[in-house]
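A short write-up of the structure that comes next.
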Amino acid sequence: MEFNLLHSDKETKARAGNIISDHGEIETPIFMPVGTAATVKAVHQRELKDDIGAQIILGNTYHLYLRPGINILEQAGGLHKFIGWDKPILTDSGGYQVFSLAEMRKLKEEGVTFQSHIDGSKHTFTPENVVDTQRSIGADIIMALDECPPGDSDFRYAQKSMELTHRWLKRGVDHFHNTGPKYGHSQSFFPIVQGSSFKDLRKQSAEFIAGFGMEGNAIGGLSVGEPAEVMYEMTDVVTDILPQDKPRYLMGVGTPANILESIALGVDMFDCVMPTRNARNGMLFTSEGIINIKNKKWENDFSPIDTQGPTFVDSFYSKAYLRHLIISKEILGAQIASIHNLGFYLCLVKEARKQIIAGTFSKWKNNMITKVSERL
RNA sequence: GGGGAGAUUCCAGAGCGGUCAAACGGGGUAGACUGUAAAUCUAUUGGCUAAGCCUUCGGAGGUUCGAAUCCUCCUCUCCCCA
């Protein structure tokens, strides 16, 4: 994998670049749709590629390991072939499940033991075996196993947690170097900065992570309950330290406004379930603002979903129709809303990239944040 | 024509003398959702001059300190047998 930094904004820390992987190029800043269980929920691969313009998607190690299982993925020849996606894939290590399935796991020095949310069976993830699993999945970018502590963790816990993540990282990197890809294309390994809401810890973690000289670096443990201001502050501290010539990935972020602010802080890659999950729950992100399509006010609004929207659904279907579908829990509603939201996200980062290259990012960003945050 | 069951707040359906503005669902309305245990979850759902008051349980009377709950008559629905 290669990263070319093309432009750096003068007023902010925003950057435009290219990531070149064996599955093609990614133009940064980029948003990566989340496809946890071998599918970006409610969206076809063809729509993802042709309509939405996704350049890379996510998968999740924990979920894929439980179902369909590594054996099936290996028989399929890897996740790309299994799902019919020939562009890059990034897999999360299962670190987030340490956080989201907190009540069903045990943390130890060796690794983390989960109780499957499907059948209750016990499984242990270690820094080493998640590398193996991600080798079998065949993701282009694989993530280190980390502990993602809650946003309101106290200093002592945050420090302990960060140190564990660092020890795990060392083991993970070693194992990554001692193993190789299984399907012919190369894989990159991203370490993850932790440190919760403490600047000192974040700094320390970023320095530690940078020391490994991996092909990209991630910022984790944010957007987990802390105020947005804290998230920006932490991101700001970290991007000052992480190498300029490697892509930075802010994990799990966020709202359109979060993404624009973080681009300004020097982040290149994002992922978030928000556009897809919220779509299924009736929330639409548009360039005019946020729409709760379930609200009565849209009942007889037969105007297009988003006249400025980049995807075919935006002009093809009306708000009233989409409202009907979502309220009736019709599957098509989830499909339309998901395509719309993802299309909007991808379009947003594409425009941000243009503005960075044109040198007009700062002004555009501030204006855009006000618009996209408004509630319609 | 004979016999039986029932009418409850938007729907459906509990309640069978006070703790009932009335359970549980559904529907309605609003909110949440950030490396997906989520096509999920939460709140609210008679009115008001709102820790109180007013009007509601088919209709009209009655019994009782007190009735959605008991009695009488009326209206209407449904089921079974002819």
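Order of the sequence lines sets the chain letters (A, B, ...), proteins ahead of strands, with each chain counted from 1.
Under a cut-off of 6.0 angstrom, the local environment of NZ in A:Lys13 is crowded, with over 12 non-hydrogen atoms contributed by other residues, nucleotides or ligands. When the shell of 6.0 Å around CZ of A:Arg167 is examined, it contains more than 12 heavy atoms from other residues, nucleotides or ligands. Within 6.0 Å of the NE2 atom in A:His44, the count of heavy atoms belonging to other residues, nucleotides or ligands does not exceed 12.
Within the 4.0 Å cut-off from OP1 or OP2 of B:A32, at least one side-chain nitrogen or oxygen of A:Arg375 is found. Proximity of A:Ser100 to the phosphate of B:A37: a side-chain N or O atom is located under 4.0 Å from OP1 or OP2. Dashed line: the shortest gap from a side-chain N or O of A:Arg277 to OP1 or OP2 of B:U34 is under 4.0 Å. Between A:Arg323 and B:U29 there is a side-chain N or O to OP1 or OP2 distance below 4.0 Å. For B:U36, the OP1/OP2 oxygens have a side-chain nitrogen or oxygen of A:Thr36 closer than 4.0 Å. Residue A:Gln97 places no side-chain N or O under 4.0 Å from the OP1 or OP2 atom of B:G35. The shortest distance between the side-chain N/O atoms of A:Asn295 and the OP1/OP2 oxygens of B:G31 is below 4.0 Å. The side chain of A:Lys329 contributes an N or O atom lying less than 4.0 Å from OP1 or OP2 of B:U40.
In this entry the distance linking CZ of A:Phe99 with P of B:G35 reads 9 Å, nearest Å. As rounded to whole Å, 11 Å separates atom P of B:G35 from atom CE of A:Met231. Nucleotide B:A37 holds its P atom 6 Å from the CG atom of A:Leu101, rounded to whole Å. Look at OH on A:Tyr65: it is 17 Å from C1' on B:A37, rounded to the nearest Å. Between the CD1 atom of A:Ile326 and the P atom of B:U40 there is a distance of 11 Å, rounded to whole Å. To the nearest angstrom, P of B:A30 lies 14 Å from CE of A:Met283. Going from atom OH of A:Tyr249 over to atom P of B:U34 covers 15 Å, rounded to whole Å. Residue A:His63 contributes atom NE2, which lies 6 Å from atom C1' of B:U36 at whole-angstrom precision.
Contact annotation for A:Asn292: backbone-only contact, meaning every heavy-atom pair under 4.0 Å involves sugar-phosphate atoms and none involves a base. A:Ile259 comes within 4.0 angstrom of nothing in the nucleic acid, heavy atoms only. Within 4.0 Å (heavy atoms only), A:Gly333 reaches no atom of the nucleic acid at all. Contacts of A:Glu261 with the nucleic acid, taken as non-hydrogen atoms under 4.0 Å apart, are absent. A:Ser116 comes within contact range of no nucleotide atom at all, as no heavy-atom separation falls under 4.0 Å. Residue contacts shown for A:Leu90 are absent, as no nucleic acid heavy atom lies under 4.0 Å away. Among the atoms of the strands shown, none is found under 4.0 Å from any heavy atom of A:Met143. Using a 4.0 Å heavy-atom cutoff across all strands shown, A:Asp271 reaches sugar-phosphate atoms only and no base atom.
Comparing the C1' positions of B:G52 and B:C74 gives a spacing of 38 Å, expressed to the nearest Å. Comparing B:A21 with B:A37, their P atoms are spaced 45 Å from each other, to the whole Å. B:A12 sits 43 Å from B:G35 when the P atoms are compared, rounded to a whole Å. Comparing B:A60 with B:U8, their P atoms are spaced 16 Å from each other, to the whole Å. Spacing between B:U40 and B:C48 at atom C1', rounded to whole Å, works out to 36 Å. Separating the C1' atom of B:U56 from that of B:U69 is a span of 15 Å, rounded to the nearest Å. With both ends at atom P, the span from B:U29 to B:G46 equals 16 Å, rounded to whole Å. Comparing the C1' positions of B:G6 and B:G13 gives an interatomic distance of 13 Å, to the nearest angstrom.
In this structure, B:A38 forms no base pair with any nucleotide, since neither Watson-Crick nor G-U wobble geometry is met with both distances under 3.5 Å. In a base pair of the Watson-Crick type (N1 to N3 plus N6-O4 or O6-N4) or a G-U wobble (N1-O2 and O6-N3), with each distance short of 3.5 Å, B:U64 is matched with no nucleotide. When both distances must be under 3.5 Å, the Watson-Crick or G-U wobble mate of B:A21 does not exist. Across all strands shown, the partner of B:G1 is B:C81, judged by Watson-Crick or G-U wobble contacts whose two distances both fall under 3.5 Å. Across every strand in view, B:C53 sits in a pair with B:G47 that passes the Watson-Crick or G-U test at under 3.5 angstrom. Here B:U69 sits opposite no nucleotide as a Watson-Crick or G-U wobble pair (both hydrogen-bonding atom distances under 3.5 Å). Judged by Watson-Crick or G-U wobble contacts below 3.5 Å, the nucleotide B:A7 has B:U75 as its partner.
Inspection of the A:Thr124 and A:Thr113 side chains reveals an N or O donor paired with an N or O acceptor under 3.5 Å. Defined by atom type and a distance below 3.5 Å, a donor-acceptor pair is present between the side-chain atoms of A:Asn60 and A:Gln97.
Outside the 6.0 Å centre-distance limit, the rings of A:His340 and A:Phe312 are not counted as a close aromatic pair.
Of the candidates B:G35, B:A39, B:U29, B:U29 carries the atom nearest the A:Lys296 side chain, counting heavy atoms from C-beta on. Side-chain atoms of A:Ile327 lie closest to B:G28 of the nucleotides B:A39, B:G28, B:G35. With B:G35, B:U34, B:U36 as the choices, the nucleotide that has an atom nearest any side-chain atom of A:Thr276 turns out to be B:U36. The nucleotide whose nearest atom lies closest to any side-chain atom of A:Lys294 is, among B:A37, B:U34, B:A32, B:A32.
Nearest-nucleotide positions on RNA chain B for A:Ala334 and A:Val34 put A:Val34 closer to the 5' end. Projected onto RNA chain B by closest heavy-atom contact, A:Ser93 and A:Lys297 fall at different nucleotides, the more 5' of which corresponds to A:Lys297.
Put simply, the side chain of A:Asn60 and the base of B:G35 share no donor and acceptor less than 3.5 Å apart.
Here the options are A:Leu164, A:Leu222, A:Thr165, A:Leu169, the test is side chain to side chain contact (heavy atoms under 4.5 Å, CB included), and the partner is A:Gln194; only A:Thr165 passes.
With respect to the salt-bridge test (charged N to carboxylate O, under 4.0 angstrom), the residues A:Lys350 and A:Glu27 do not qualify.
A:Tyr232 and A:Leu201 end up in different hydrophobic clusters when Ile, Leu, Val, Met, Phe, Trp and Tyr side chains are linked at under 4.5 Å.
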